[in-house]
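As the structure is a prediction and not an experimental result, all values here were calculated from the model. Both ligands and their constituent atoms are indexed starting at 1 by order of listing.
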Amino acid sequence: MNTKPRIVVLGAGYAGMMTTKKLMKALSPEEAEIVLVNKHNYHYQTTWLHEVAAGTINQNQARIMIRDVINPNRVRIIYDTVVKVDKEESQVILEHSELSYDYLVISLGYETNTFGIKGMDEHAFFIEDFDSCRLIREHIEYQFAKFNNDLEADESSLSILVGGGGFTGIEFVGELVEKVPELCKKYDIDRGKAKIINVEAAPSILPTFDNDLVSYGRKSLQERGAHILEGVRINECTNEGFIVGDDNELIKAGTIVWTGGVTGNSILGKSGFELTKGKVTVNGDLRAPGHDNIFVLGDCAWVMNKYENRPYPPTAQAAMQHATTCVTNIQALIHNLPLEEFTFSDKGTVASLGVTDGMGTILIGKKLYGKSAAAMKKVVDDRYLFLLGGPLLLMKKGKIRPF
Ligand code: FAD
Ligand code: NAD
């Protein structure tokens, strides 16, 4: 009879991949069976999705075959879509099968939040996953390719509207200011005809950065031709563009992308978890309240910063740290030891503004601007690759090329 516990990890993103990797090291095959479930046979780097969407990176650099970094002889890998977790029966319902668990790790990432804005789901693209981003890239290229073939083409078909000036929106605009001139050249279009417009409701873009950093970012993007509209609320989205502000002005564009916010994966709600803004408010040890064998990590988890009485922002940095605590605690549960509390160690935040520009803070608030910030972002990206797949993966997919 098989008595060893089965640990099921749902989602192969930052939290799920690092959890699986660490479980492989922490537990012997005799101690536990490990199962990883993911929609696709690849893991994509969510933190590079703005580059995939703009077409400034080879899309395959931003994804990794799961079997290249997770040993299928140690981990049972299932490529399927999670439909629901049946907590009462300790079962995961997948599109094509069902799976029982002794310990469950839910790391299914985020979904775009449109806050019920009329027309947004129907007419806007989302920076949500690998597929949604390559669709954006293809759509933008098509708008440029079509322009000189269509005698009636309106200049606004070349415009790209980005709704929301948080990190995702601004990093995407940073890529676009580099990509659009390239597309104009490629398709013989006057650069002045193609507009990049970012619309942010708050008085300033990147509300979590201080004035110095925001001013730097705004100026860098404006100097390269982006229009940044701040304090302008998007009220509605139509097939022509955004309707904004008190006067309900229409801003027309051929490409409309919404980056106005995220929430936890909807599987959480469908599975009957109690939610705070779409996420599970986890206990200090990252377990779902009332469920001693279920951990919720990454963008699915609402993790309170008890010192500041607000949740930590959903980041890859945090998701990877959740994985470490989760693995320690699963080990503790298997061996009847006390569980540890999650503590976040903030390494800083850097936003890219294209390939060679950026800004942010590292460690205890040291500010970085320009090329040094962009280089730091690449170091962070490459560090993750190294942690996940060692030097081989770093050489294959890394951003810093020695030669
Ligand atoms: P994810 O990494 O998103 O992974 C979720 C996984 O679950 C995916 O593999 C998905 O395919 C799978 N999945 C989803 N639904 C199902 C289902 N029903 N069935 C099966 N599988 C499913 N954070 C930083 O710290 N630094 C940054 O520089 C940074 N840059 C970012 C740039 C962009 C453009 C974006 C969008 C986010 C960025 N973030 C950054 C935030 C960061 O990417 C997320 O916080 C992080 O990806 C969360 O990790 P996760 O493991 O929870 O989810
Ligand atoms: P966000 O919630 O951080 O930003 C969304 C922005 O959209 C906000 O500034 C908000 O004011 C604006 N907005 C919302 N409704 C609007 C409306 N009706 N009209 C106009 N503007 C509106 O979301 P995000 O940028 O997708 O980021 C999600 C998370 O991912 C964040 O917590 C962030 O920390 C993380 N992230 C980090 C990085 C990085 O570290 N470099 C990059 C991308 C994302």
Side-chain angles (χ1 to χ4, degrees), residues 9-19 36-40 42-54 63 66 78-84 92 94-95 106-117 120 126-131 133 162-172 175 198-208 229-237 242 244-245 258-267 270 279 296-301 311-323 347-352 358-360 377 380-381 384:
V9 180
L10 303 181
Y14 285 89
M17 289 296 272
M18 290 313 284
T19 300
L36 173 64
V37 182
N38 195 57
K39 242 184 210 177
H40 310 106
Y42 58 84
H43 156 72
Y44 56 84
Q45 306 234 46
T46 306
T47 59
W48 300 11
L49 283 181
H50 55 297
E51 297 163 73
V52 176
R63 65 174 173 169
I66 292 174
I78 300 177
Y79 304 126
D80 205 344
T81 300
V82 179
V83 176
K84 190 184 152 186
V92 182
L94 305 175
E95 225 166 66
I106 303 180
S107 44
L108 292 165
Y110 70 94
E111 284 178 15
T112 301
N113 194 349
T114 60
F115 304 104
I117 296 175
M120 202 58 88
F126 300 151
I127 296 194
E128 193 163 65
D129 56 25
F130 195 73
D131 283 330
C133 289
V162 181
F167 281 95
T168 302
I170 290 304
E171 288 199 323
F172 181 46
E175 300 303 313
N198 180 251
V199 187
E200 167 57 51
S204 135
I205 54 168
L206 296 173
T208 53
L229 311 181
E230 294 163 295
V232 178
R233 175 163 297 280
I234 299 162
N235 305 322
E236 190 181 332
C237 181
F242 288 147
V244 304
W258 170 249
T259 59
V262 295
T263 185
N265 194 302
S266 55
I267 298 291
K270 287 179 195 145
K279 303 179 179 201
V296 184
L297 313 183
D299 285 6
C300 286
Y312 288 109
T315 61
Q317 186 187 161
M320 288 160 68
Q321 293 182 30
H322 293 169
K347 310 274 190 273
T349 306
V350 179
S352 62
M359 82 279 187
K377 190 101 197 310
V380 173
D381 289 344
Y384 169 67

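In terms of protein heavy atoms, atom 34 (C) of ligand 1 is closest to His50 ND1, 3.4 Å. With hydrogens left out, the protein atom closest to atom 7 (O) of ligand 1 is Gly11 CA, 3.5 Å, a heavy atom. Of the protein's non-hydrogen atoms, the one nearest atom 6 (C) of ligand 1 is Gly13 N, 3.7 Å. In this structure, the protein non-hydrogen atom closest to atom 53 (O) of ligand 1 is Gly109 CA, 3.3 Å. Looking only at protein heavy atoms, the nearest one to atom 14 (C) of ligand 2 is Gly260 O, 3.3 Å. At the top of the distance list for atom 14 (C) of ligand 1, counting protein heavy atoms only, stands Leu108 O, 3.3 Å. The protein heavy-atom contact nearest to atom 10 (C) of ligand 1 is Tyr44 OH, 3.6 Å. The protein heavy-atom contact nearest to atom 28 (O) of ligand 1 is Lys377 CE, 3.0 Å. From the protein, the heavy atom lying nearest to atom 23 (N) of ligand 1 is Ala316 N, 3.0 Å.
Heavy-atom proximity to Thr349, at under 4.0 Å, picks out these atoms of ligand 2: 40 (O). With ligand atoms numbered from 1 in the order given, ligand 1 contributes 34 (C), 35 (C), 36 (C) to contacts under 4.0 Å with heavy atoms of Thr168. Near Thr315, with a cut-off below 4.0 Å to any heavy atom, the atoms of ligand 2 are 34 (O). Proximity to Ala15 (heavy-atom distance under 4.0 Å) selects the following atoms of ligand 1: 51 (O). The Asn265 neighbourhood of ligand 1 comprises atoms 14 (C), 15 (N), with distances under 4.0 Å to a heavy atom of that residue. Proximity to Gly298 (heavy-atom distance under 4.0 Å) selects the following atoms of ligand 1: 52 (O). Those atoms of ligand 1 with a heavy atom of Ala319 less than 4.0 angstrom away are 49 (O). Counting atoms of ligand 1 from 1 in the listed order, those under 4.0 Å from a heavy atom of Ala12 are 6 (C), 9 (O).
Considering Val244, Ile117, Thr168 only, the shortest heavy-atom separation from atom 27 (O) of ligand 2 involves Thr168. In the candidate list Asp299, Thr259, Thr46, Asp299 is nearest to atom 44 (C) of ligand 1, counting heavy atoms. In the candidate list Pro314, Ser352, Pro313, Pro314 is nearest to atom 35 (C) of ligand 2, counting heavy atoms.
Among the atoms of Asn38, some N or O lies under 3.5 angstrom from an N or O of ligand 1. Inclusion of Glu200 in the set of residues having an N or O under 3.5 Å from an N or O of ligand 2 is warranted. Polar contact with ligand 2: absent for Pro207 (N/O pair, distance under 3.5 Å). An N or O contact shorter than 3.5 Å links Pro314 to ligand 1 by distance. Residue contacts with ligand 2: Phe167 is placed with a nitrogen or oxygen under 3.5 Å of a nitrogen or oxygen of the ligand (distance criterion only). The shortest N or O to N or O distance between Leu297 and ligand 1 is not below 3.5 Å. Close N/O approach between Ile234 and ligand 2 is found [any backbone or side-chain N/O within under 3.5 Å].
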Applying side chain to side chain contact (heavy atoms under 4.5 Å, CB included) to Val37 and Leu94, what does each step give before you reach the verdict? CA-CA 9 Å; Val37 182; Leu94 305 175; 3.7 Å; yes

Evaluate the side chain to side chain contact (heavy atoms under 4.5 Å, CB included) criterion for residues Phe172 and Asn198: first the C-alpha distance (whole Å), next the side-chain angles of each, then the deciding distance (0.1 Å), finally the verdict. CA-CA 10 Å; Phe172 181 46; Asn198 180 251; over 6 Å; no

Chi angles and distances behind the side chain to side chain contact (heavy atoms under 4.5 Å, CB included) call for Trp258, Ile234: CA-CA 10 Å; Trp258 170 249; Ile234 299 162; 3.8 Å; yes

Between Tyr384 and Thr47, is a side-chain hydrogen bond (donor to acceptor under 3.5 Å, both in side chains) present by the stated rule, with each step listed? CA-CA 11 Å; Tyr384 169 67; Thr47 59; over 6 Å; no

Between Met120 and Phe242, is the side chain to side chain contact (heavy atoms under 4.5 Å, CB included) condition met? List the steps. CA-CA 9 Å; Met120 202 58 88; Phe242 288 147; 3.7 Å; yes

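By the 4.0 Å heavy-atom criterion, Phe242 is excluded from the residues contacting ligand 2. At least one heavy atom of Asp80 sits under 4.0 Å from some atom of ligand 1. Residue contacts with ligand 2: Val232 is included, with a non-hydrogen atom under 4.0 Å away. Residue contact check for ligand 2: Val350 places a non-hydrogen atom closer than 4.0 Å to it. Proximity of Val37 to ligand 1 is not established, as no heavy-atom distance is less than 4.0 Å. Put simply, no part of Gly163 is less than 4.0 Å from ligand 2, judged by heavy atoms. Heavy atoms of Glu171 approach ligand 1 to within less than 4.0 angstrom.
Proximity of a side-chain donor or acceptor of Ser352 to a complementary backbone N or O of Glu171 within less than 3.5 Å is not detected. Side-chain N or O atoms of Glu175 include none that pairs as donor or acceptor with a backbone N or O of His50 at under 3.5 Å. Of the possible polar contacts, one joining the Asn235 side chain to the Gly245 backbone as a donor-acceptor pair under 3.5 Å is found. A donor-acceptor pair under 3.5 Å is formed between the side chain of Glu230 and the backbone N or O of Ile205. The main-chain N or O of Val262 is never found under 3.5 Å from a side-chain atom of Thr112 such that the two would form a donor-acceptor pair.
Looking only at atom types and distance, the side chain of Tyr14 has a donor-acceptor partner in the side chain of Gln45 under 3.5 Å away.
Distance check, rounded to the nearest 0.5 Å: CG of Asp381 to CD of Glu51 gives 7.0 Å. Note: Thr168 OG1 to Phe126 CZ = 13.0 Å, rounded to the nearest 0.5 Å. Separating the CG atom in Asn265 from the CD1 atom in Ile106 is a distance of 9.5 Å, to the nearest 0.5 Å.
For Phe126, no heavy-atom contact with ligand 2 is shorter than 4.0 Å. Using a 4.0 Å cut-off between heavy atoms, Gln317 makes no contact with ligand 2 at all. Within the 4.0 Å heavy-atom criterion, the part of Val199 lying near ligand 2 is the backbone and not the side chain. Of all the heavy atoms of Thr259, the ones lying under 4.0 Å from any atom of ligand 2 belong exclusively to the backbone.
With contacts defined as side-chain heavy-atom distances shorter than 4.5 Å, the pair Pro311/Lys279 does not qualify. Val380 has its side chain out of reach of Lys347: every pair of non-hydrogen atoms, C-beta onward, lies at least 4.5 Å apart. For the pair Phe167 and Thr349, the minimum side-chain heavy-atom distance is below 4.5 Å.
What you find for Ala319 and Gly298 is that their closest heavy atoms are CB-CA, 3.8 Å.
At a distance under 4.0 Å, a protein heavy atom can be found next to atom 21 (N) of ligand 2.
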